[in-house]
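Heads up: the structure comes next, in structure tokens.
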Amino acid sequence: MKYNFKEIEPKWQAEWEKSGIFKAVDFDPRPKWYGLVEFPYPSGVGMHVGHIKAYSSVEVIARKRRMQGYNVLFPMGFDSFGLPAENYAIKTNTHPHIITEKNIAHFKDQMEKVGFSFDWSREIATSHKDYYKWTQWIFLKLFEHGLVFRAKTLVNYCPHCKVVLSNEDSQGGKCDICHSDVIQLPKDVWYLRITQYADKLLEGLEHVDYPDSIKQQQVAWIGKSTGAFVNFQLADQDGHAVGDKMEIYTTRCDTLYGVTFMVVAPEHPVLDKYKDQISNWDKITEYRAECAKKTEFERTQLVKDKTGVKVEGLTAINPITGKQIPVFIADYVMMGYGTGAIMAVPAHDQRDYDFAKAFGVEIVQVIKGGDISKEAYTGDGEMINSGFLNGFTNKKDSIARMLEYLKEQGIGHKGVQYKMKDWAFNRQRYWGEPIPLIHCPKCGTVAVLENELPLELPDVDNFEPGTDGQSPLAKIDSFVNCTCPKCGGPAKRETDTMPQWAGSSWYFLRFCDPHNDKAFADRRKLDYWMPVDHYNGGMEHVTRHLLYSRFWHRFLYDINEVGTPEPYAKRTYQGLILGPDGEKMSKSKGNVIDPMDIVDQYGADTLRVYVLFMSDYTAAAPWSDESVRGCKRFLDRVAGLTEIANADKEDPKLESSVHKTIKKVSEDIEKMKFNTAIAALMSLINEFTKAGSITKEDLVTFIKLLSPFAPHLTEEIWQQIGGEGFLTVSAWPEFDEEKTKDAVLNIGVQVNGKVRGNVDLPRDCTRDEAVETAEKDEVISRFLEGKTIVKVIYVPGKILNFVVK
RNA sequence: GCCGCCAUGGCGGAAUGGCAGACGCGCCUGACUCAAAAUCAGGUGGGGGCAACCUCGUGCCGGUUCAAGUCCGGCUGGCGGCACCA
């Protein structure tokens, strides 16, 4: 057959679309299967090869599922709110809506040209008001349940983008969008109380099928630690108690006897409270200013050099020894974790040790071991200098005993801390979901009425964010001024918008019922389709999108809006495609491969086969143009199979190979070992070619197995050989286990563990027969000559090993 | 620093503890061609041998085993995540 991909690819794409075979059917009696891939942000440059690889895996499984008789939901949409469209809008003075719609159309066109079997009747876009209406609705539910709060805190602020960023968006002290340095700024912001769900998010991981690497990253990000909160009495210069106690958090309360000083974060409010009795306030202010200037990055880089200032005039009392100890401020203590104050145990914490050495503070060893004159001892050992804890050798026991004591004395109590912080949930930008809250001078913060949703984004002329950190919406009086839904008095709208991650936190639910205008999705449809059976996406979304969406979904479960606690039954990820030079693809390096160039030059089928064949799916691998051509060559040979499909009798050897291949390809697809599945098909075609002629049945089996990978070519072959209906939804081949087993097996023969030859043995041959056959072999017998056989290991079908002396 | 993953030909990579290098790329030889490309056929880890074969070989050192790329212990190198988290 002539393989003209330019002609057949658009042809079948149109035929499939016309026939509606990719449409998911609600409540269909067939078993359901919901495959999901991360919907893209529709950037102006179009699809990246990474998108192709990310979608191709679930695409192949979805196509196989349809052939296996499943009712498949494989949807696609667009995560279309976000900064790049807005920045482009500022530059070109075009409305972000116009740019976004143009980009969506471009992306969709590209996806169709690759032949992805998405159900386009369920297409969604997060920036469409019939979608974000429900994003706002869920937000109001969160608000209603006390999971939304406003707080003035130090926030991660990007001076370039002029937005407040979540921790997740400012990892490493760099803005996730523009990569400039993030600074700390005190600001009033909205938070979602994700920390309240920390335990549920941890617990949920036990019931889902995620790779360990993903689970571990989520666990590390949540960062649960158990310890104790302990109160230290503050005192004046002479050790007389003053005012409040100061609370600290520690994981080693059993080292309390070794506490020789306290450190509080530079921003800690206790300082301002006792300002009058602090005699070196100037120095404190100076140090604070220094710290504020440092970026988070600088602050964490200077790990070795401990800086700080001793607070003069304010001291504390060690609650267990009764000794007066000094108080310092230092930026190695963070306001954002624990209580912003620590008890320092220099003998057993390297940071406290470094600080004590630099500031000449006493070091008291309370755990035996190490050499305290050189460094802190952080290992285990017998407790010493520790009163009632002396002699304890087990960390667990000494902590438990101390906790008991703290409780008895009312000094402290057991506690839990998380590294994960609450989710800063607002941006001072235009192109996002307006936050549906109203500030009323009388009633405080009031929710927009549900029947007024969606709270639409008003049109503006100027998308530039304000220099005062205000959203462009703040400049629109008609938007800002409103009446309070509670008291009817004049009020002002919140002008911040939601962060990029809002829309993607629940989109998989909307796909179950995308056109519903009464609810975010019909509960019966949710119960039919959810959970997502297989979700694939990038490793880079594991600490953000995955955590956020699990949080929203778990919340909706808790308020009985969805029926499953976890949204994704199974999650996988793909490895990066590197440039041909082995470097990460980037415009500046000029090593970017445009997938549409490959479609033009070799066809979509070649592109699809290549991205899955190039390496292990989860591994990063460089692009190779030569290997792409190799995949095209393979498909050319597949097209040529029609010429030799003329045998009228099945060759038993070939039949066995066909059945083995059905088994291999079927199993490998399930394990996402696409590279070996394709390799098995290449091997089979090599056998076909050698045989010179094959039956039509062999050809049909072959194109069915290849169909999920190269659907256009195989559909065309199917039509040309007179197949009925679409190959795409024909039955997946079955294999006969008997026929996958060879009657005669060639196995290796070892003498003392070294391979000395191989022999053909019948499958059911006994040990004695195997030994007899092997001993007749010329080469093997040479190695056995004059030796005594001590032991024979025979593993049928695998190996025969003679142990000789 | 902590946690995790990985290391196999010239390259991408195969290999439930059982004949290392499947499959593809590249390269070499041959066929076709005036020639080249494309295509087809054959070969292709290193060393030795006319050959049958022999020998070395999965980052390094050791161990378990009849048998180790695979399991265990210790290194070295690379990747990813977290990171002054008390």
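Proteins come first, then strands; the chains are lettered A, B, ... in the order of their sequence lines, and each starts at number 1. Not measured: the values here are computed from a predicted model.
Of the candidates B:C84, B:G24, B:A41, the closest approach to any side-chain atom of A:Met334 belongs to B:C84. Listed candidates were B:C23, B:C84, B:C53. Nearest to the side chain of A:Asp331 is B:C84. Distance from the side chain of A:Ala621 is smallest for B:G13 among the nucleotides B:G13, B:C23, B:C25. Of the candidate nucleotides B:C53, B:G18, B:G4, B:G4 has the atom lying nearest to any side-chain atom of A:Gln216. When distances are taken from the side chain of A:Ser627 to each of B:U16, B:C66, B:C25, the shortest belongs to B:C25. Comparing B:G13, B:C53, B:G24 against the side chain of A:Ala619 picks out B:G13 as the nearest.
For B:C19, its base sits under 3.5 Å from the side chain of A:Asn746 at one donor and acceptor pair at least. Between the side chain of A:Lys306 and the base of B:C84, at least one donor-acceptor pair of N or O atoms lies under 3.5 Å.
Between B:U70 and B:A83, the two C1' atoms lie 33 Å apart (nearest whole Å). With P as the reference atom, B:G80 and B:C28 are 36 Å apart, rounded to whole Å. Taking atom C1' on both nucleotides, B:C56 is separated from B:G9 by 14 Å, rounded to a whole Å. Taking atom C1' in both B:G45 and B:G77, the straight-line distance is 23 Å, to the nearest Å. Nucleotides B:A68 and B:U8, compared at atom C1', are 14 Å apart to the nearest Å. For the C1' atoms, the distance linking B:G17 with B:C79 amounts to 28 Å, nearest Å. Going from the P atom of B:C23 to that of B:A14 covers 14 Å, rounded to whole Å. Between the C1' atoms of B:G59 and B:U65, the separation comes to 23 Å (whole Å).
Centroid-to-centroid, the aromatic rings of A:Phe359 and A:Phe328 come within less than 6.0 Å. Between A:Tyr337 and A:Tyr418, a ring centre-to-centre spacing not shorter than 6.0 Å is recorded.
Contact between the side-chain N/O atoms of A:Asn675 and the OP1/OP2 oxygens of B:A14 is found at a separation under 4.0 Å. Look at A:Arg756 and you'll find a side-chain N or O under 4.0 angstrom from OP1 or OP2 of B:U55. A:Tyr337 has a side-chain polar atom (N or O) that falls below the 4.0 Å cut-off from OP1 or OP2 of B:A86. One finds a side-chain N or O of A:Lys754 lying less than 4.0 angstrom from the OP1 or OP2 phosphate oxygen of B:C56.
When heavy atoms are screened at a 4.0 angstrom cut-off, A:Arg629 is found touching no nucleic acid atom at all. Base engagement by A:Ile747 is indicated by at least one non-hydrogen atom pair under 4.0 Å involving a base atom. Among the atoms of the strands shown, only primed sugar atoms or phosphate atoms (P, OP1, OP2) are found under 4.0 Å from some heavy atom of A:Asp616. Backbone-only contact: A:Lys690 has heavy atoms under 4.0 Å from sugar-phosphate atoms and none from a base. A:Val795 comes within 4.0 angstrom of a nucleotide base, judged by non-hydrogen atoms across all strands. Among the heavy atoms of the strands lying under 4.0 Å from A:Ala620 are primed sugar atoms or P, OP1, OP2 only; no base atom is included. A:Val792 comes within 4.0 angstrom of nothing in the nucleic acid, heavy atoms only. No contact: A:Gly223 has no heavy atom under 4.0 Å from any strand. When heavy atoms are screened at a 4.0 angstrom cut-off, A:Tyr617 is found touching no nucleic acid atom at all.
Pair assignment for B:A15 gives none, since no Watson-Crick or G-U wobble pairing has each distance under 3.5 Å. B:G4 is paired with B:C79 under the Watson-Crick or G-U wobble criterion, all donor-acceptor distances under 3.5 Å. As the counterpart of B:G30, B:C40 is assigned, both hydrogen-bonding distances of the Watson-Crick or G-U wobble pattern falling under 3.5 Å. Across all strands shown, B:G57 remains unpaired; no Watson-Crick or G-U wobble contact has both distances below 3.5 Å. Pair assignment for B:U70 gives none, since no Watson-Crick or G-U wobble pairing has each distance under 3.5 Å.
Remark: the backbone N or O of A:Val792 is paired with a side-chain donor or acceptor of A:Arg767 at under 3.5 angstrom.
Between A:Leu578 atom CG and B:G13 atom P there is a gap of 9 Å when expressed in whole angstrom units. For the pair A:Asn801 CG and B:U65 P, the interatomic distance rounds to 15 Å; values are reported in whole Å. One atom, OH of A:Tyr602, and another, P of B:G24, lie 18 Å apart when rounded to the nearest Å.
A:Tyr610 is listed as a side-chain neighbour of A:Ser624, based on a closest heavy-atom distance under 4.5 Å.
Of the N and O atoms on the side chains of A:Thr260 and A:Glu362, not one donor lies less than 3.5 Å from an acceptor on the other residue. Of the N and O atoms on the side chains of A:Asn536 and A:Gln574, at least one donor lies less than 3.5 Å from an acceptor on the other residue. For the residue pair A:Tyr617/A:Thr572, the side-chain donor-acceptor check at 3.5 Å is not satisfied.
Within 6.0 Å of atom NZ in A:Lys660, more than 12 heavy atoms from other residues, nucleotides or ligands are found, so the atom counts as buried in its surroundings.
Where A:Leu745 and A:Met614 each meet RNA chain B at their nearest nucleotide, the meeting point lying more 5' is that of A:Met614. Remark on RNA chain B: of its neighbouring residues A:Thr250 and A:Lys664, the 5'-side contact belongs to A:Lys664, judged by nearest-heavy-atom nucleotide.
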